[in-house]
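Because the structure is predicted, anything quoted here is derived from the model rather than measured. Keep in mind that the numbers below use all heavy atoms, side chains included, and drop hydrogens, waters and symmetry copies.
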Amino acid sequence: MKAKTTRILITGAHGQLGLALLANLPWLPEFSPSRLRMEIPEASLVSGSAVKPRSAIAPGSAIEIVALGHQQLDLTSADLPERLSEINADVIINCAAYNAVDAAEQDMAAAMALNAEAPERLAIWCRQQGAWLIHISSDYVFGNVFGNDLGSVFGNVSGNASANMLGNAPRALTESDVCEPLSLYGQSKLAGEQRLLKANPGALVLRTSWLYSRFGSNFVLTMGRLLTERPELKVVADQVGTPTWAEALARLIWQLLIWFHLKPEKSAVLSGCFHYAATGQCSWYLFTQEIAEQIAKQQCNSAPSSQAAVPLQTASPSQAALQSQATLHSPANPAPITPRCRITPVSTAEYGALLNRAQAPRPAYSALDSSALKDAMAAMPSAFRCYLPKDYPSPIWLSWQAQLALMLSGLGASSLG
């Protein structure tokens, strides 16, 4: 009998989610390996890491992965349908996006081309060919669902009063909440969702928020660096959402893909729009505090026992600033203890004034409720979820703090071997 093969196309493979998908290929050593065809420059990978083409799903079956960046597959090109037919994928994971939120205000045409028109064209091709499409969207499709002024909820962030009292925060946003994007970027992402699902109701849209990882450029890596370079960081405290580890999202997508691959019929396992984010919520200010605290803790734990312990003075979340010794920790290259950095909360308006340039408006509150997706995936047989190493905790439904700890501790690198 001919081996069953599912061909998966990953678009936008140079981005952090594309790289996270490749770094977390499902692996069961007793099964036959999958084939991997990708064109990812080594410079796109984290130093010391390598994406290895190892994976197996079931005896006598395989997954073939085609991972292409913008240079290899331009989703805005006129010949896109022909290129897709050449690849002939059974599943397309669309990680490609125009993500420059501020730049989109001056270049709406480029944002619409990649965020709205391209997903629609992918959806049409997938519908015609019977392929399944998974498209990644953003929490920025929401506006200020709970009103324009959340000051009474999060507190005054000027001076020494911090916006971290989240006990009275609104509920997390569900898929049924009204989308009223504030920025042109958000408008382009919402248009992409709508046009895609209209063209192909069997497609799956995954909205996510505040993605970070060990790949590319993102908030965690940037803060980890700045905490070592500056005596003070001023961080926005009146925007609240949910930080989400890209490798947790990647593993969730792989679970869906394994389910699709092993199903006897080639029908989509999930369709429509769903939210995925870690659990919990915080401001960018609180997120930065947590990054500093976790890095400092890991540095302390990794310090040689022969050295004298360096006391860590960490403020409680209710205080205006955090003092800690922080730098980004890499298991392969432990960072030294560095001078303390003061973290100060500021409002969005104050931060904009510091930048001295125009910023696109952001939602004040965009924490996502993932319960609908979690419930939908509860029907997935447990056999489809067993590809993770037994000693590696699944990060998918963890809190944002727990996901961050896994990323910073280096456990996320264990799948690379």
Side-chain angles (χ1 to χ4, degrees), residues 17 101 135-155 157 162-183 185-186 189-190 193 204-212 218-220 235-253 255-256 270 272-291 317 345 348 361-378 394-407:
L17 180 56
V101 178
H135 173 70
I136 308 303
S137 191
S138 167
D139 59 324
Y140 278 33
V141 299
F142 291 105
N144 291 328
V145 176
F146 300 105
N148 293 324
D149 184 10
L150 291 178
S152 60
V153 176
F154 302 121
V157 300
S162 63
N164 51 26
M165 303 302 292
L166 297 182
N168 296 320
R171 59 168 176 78
L173 301 174
T174 70
E175 295 81 355
S176 61
D177 281 308
V178 176
C179 294
E180 294 179 336
L182 304 176
S183 64
Y185 163 78
K189 293 298 289 185
L190 179 60
E193 292 182 8
L204 173 63
V205 172
L206 292 176
R207 286 181 189 149
T208 191
S209 64
W210 296 22
L211 280 186
Y212 65 89
N218 57 73
F219 189 82
V220 173
V235 187
V236 171
D238 59 357
Q239 294 174 26
V240 172
T242 304
T244 303
W245 188 26
E247 295 193 49
L249 174 56
R251 292 181 181 218
L252 179 144
I253 292 172
Q255 289 188 2
L256 293 173
L270 210 56
C273 180
F274 287 87
H275 290 176
Y276 174 71
T279 61
Q281 54 190 269
C282 66
S283 65
W284 293 111
Y285 165 68
L286 282 180
F287 191 19
T288 306
Q289 281 191 319
E290 185 70 20
I291 292 168
T348 298
R362 269 81 164 165
Y365 183 84
S366 60
L368 301 179
D369 183 342
S370 304
S371 58
L373 179 60
K374 187 174 183 180
D375 291 345
M377 292 184 67
S394 173
I396 294 174
W397 306 114
L398 296 180
S399 69
W400 66 267
Q401 297 97 324
Q403 287 188 359
L404 177 65
L406 285 174
M407 182 266 194

So Val205 and Phe274, side chain to side chain contact (heavy atoms under 4.5 Å, CB included) or not? Walk me through it. CA-CA 6 Å; Val205 172; Phe274 287 87; over 6 Å; no
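- Atom CD1 of Ile253 is separated from atom CG of Leu249 by 4.0 Å, given to the nearest 0.5 angstrom.
- In terms of heavy atoms, Pro361 sits closest to Ser183 at O-CB, 3.5 Å.
- Considering only residues two or more places apart in sequence or on other chains, Asp177 meets the salt bridge (charged side-chain N to carboxylate O under 4.0 Å, His left out) condition with Arg171.
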Could you walk me through whether Tyr285 and Gln239 pass side chain to side chain contact (heavy atoms under 4.5 Å, CB included), step by step? CA-CA 9 Å; Tyr285 165 68; Gln239 294 174 26; over 6 Å; no
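- Residue Arg251 comes nearest to Pro395 through the heavy atom pair CD-CD, 3.9 Å, listed as atom of the first residue, atom of the second, then distance.
- Remark: the backbone N or O of Ile136 is paired with a side-chain donor or acceptor of Lys189 at under 3.5 angstrom.
- Within the 4.5 Å cutoff, the side chain of Glu180 has no heavy atoms near those of the Leu190 side chain.
- Here Gln401 contributes atom CD and Thr279 contributes atom OG1; the two are 7.5 Å apart, rounded to the nearest 0.5 Å.
- Judged as a side-chain hydrogen bond (donor to acceptor under 3.5 Å, both in side chains), and not counting sequence neighbours, the contacts of Ser137 are Glu193.
- Put simply, the side chain of His275 never gets that close to the backbone of Ala372: no donor and acceptor are under 3.5 Å apart.
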Start with the C-alpha gap between Leu406 and Trp245, add the side-chain angles, then the distance that decides, and say whether side chain to side chain contact (heavy atoms under 4.5 Å, CB included) holds. CA-CA 9 Å; Leu406 285 174; Trp245 188 26; 3.8 Å; yes
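- Here the options are Pro363, Pro181, Ser209, the test is side chain to side chain contact (heavy atoms under 4.5 Å, CB included), and the partner is Tyr140; only Pro363 passes.
- Gln403 places no side-chain N or O within 3.5 Å of a backbone atom of Ala278 that could act as its donor or acceptor partner.
- Using a 4.5 Å heavy-atom cutoff, the side chains of Val145 and Leu173 are in contact.
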Apply side chain to side chain contact (heavy atoms under 4.5 Å, CB included) to the pair Leu373 and Leu206, showing each step before the final yes or no. CA-CA 9 Å; Leu373 179 60; Leu206 292 176; 4.1 Å; yes
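- Contact annotation: the side chain of Leu286 never approaches that of Val240 to less than 4.5 Å [non-hydrogen atoms, C-beta and beyond].
- Contact detail for Cys282 and Phe287: the closest heavy-atom pair is SG-CB, 3.8 Å.
- For His135, the ring-ring contact (aromatic ring centres under 6.0 Å, His included) test picks out no residue, with sequence neighbours left out.
- Expressed to the nearest 0.5 Å, how far CG of Leu368 lies from CH2 of Trp210 amounts to 10.5 Å.
- Checked against the 6.0 Å centroid criterion, the rings of Phe219 and Trp284 qualify as a close aromatic pair.
- Asp139 is not listed as a side-chain neighbour of Val141, based on a closest heavy-atom distance of 4.5 Å or more.
- The distance from the CG atom of Asp238 to the OG1 atom of Thr348 is 3.5 Å, given to the nearest 0.5 Å.
- Across every non-hydrogen atom of Cys273 and Glu175, the tightest pair is O-CG, 3.3 Å.
- Atom OG of Ser366 is separated from atom CD of Gln281 by 9.5 Å, given to the nearest 0.5 angstrom.
- Thr242 places a side-chain N or O within donor-acceptor distance of the main-chain N or O of Gly280, the cut-off being under 3.5 Å.
- The two residues Asn144 and Arg362 have their closest heavy-atom pair at OD1-O, 4.5 Å.
- Side-chain atoms of Ser399 come within 3.5 Å of backbone N or O of Ala402 as a donor-acceptor pair.
- Here the side chains of Cys179 and Arg207 are in contact, with some heavy-atom distance below 4.5 Å.
- Annotation: side chain of Leu404 is in contact with side chain of Val220 (closest heavy-atom distance under 4.5 Å).
- Taking the six-membered ring for Trp and the full ring otherwise, the centers of Tyr276 and Trp397 sit less than 6.0 Å from each other.
- For the pair Asp369 (side chain) and Thr174 (backbone), a donor-acceptor distance under 3.5 Å is absent.
- Across Gln255 and Ile396, no two heavy atoms sit closer than the pair NE2-CD1, 3.5 Å.
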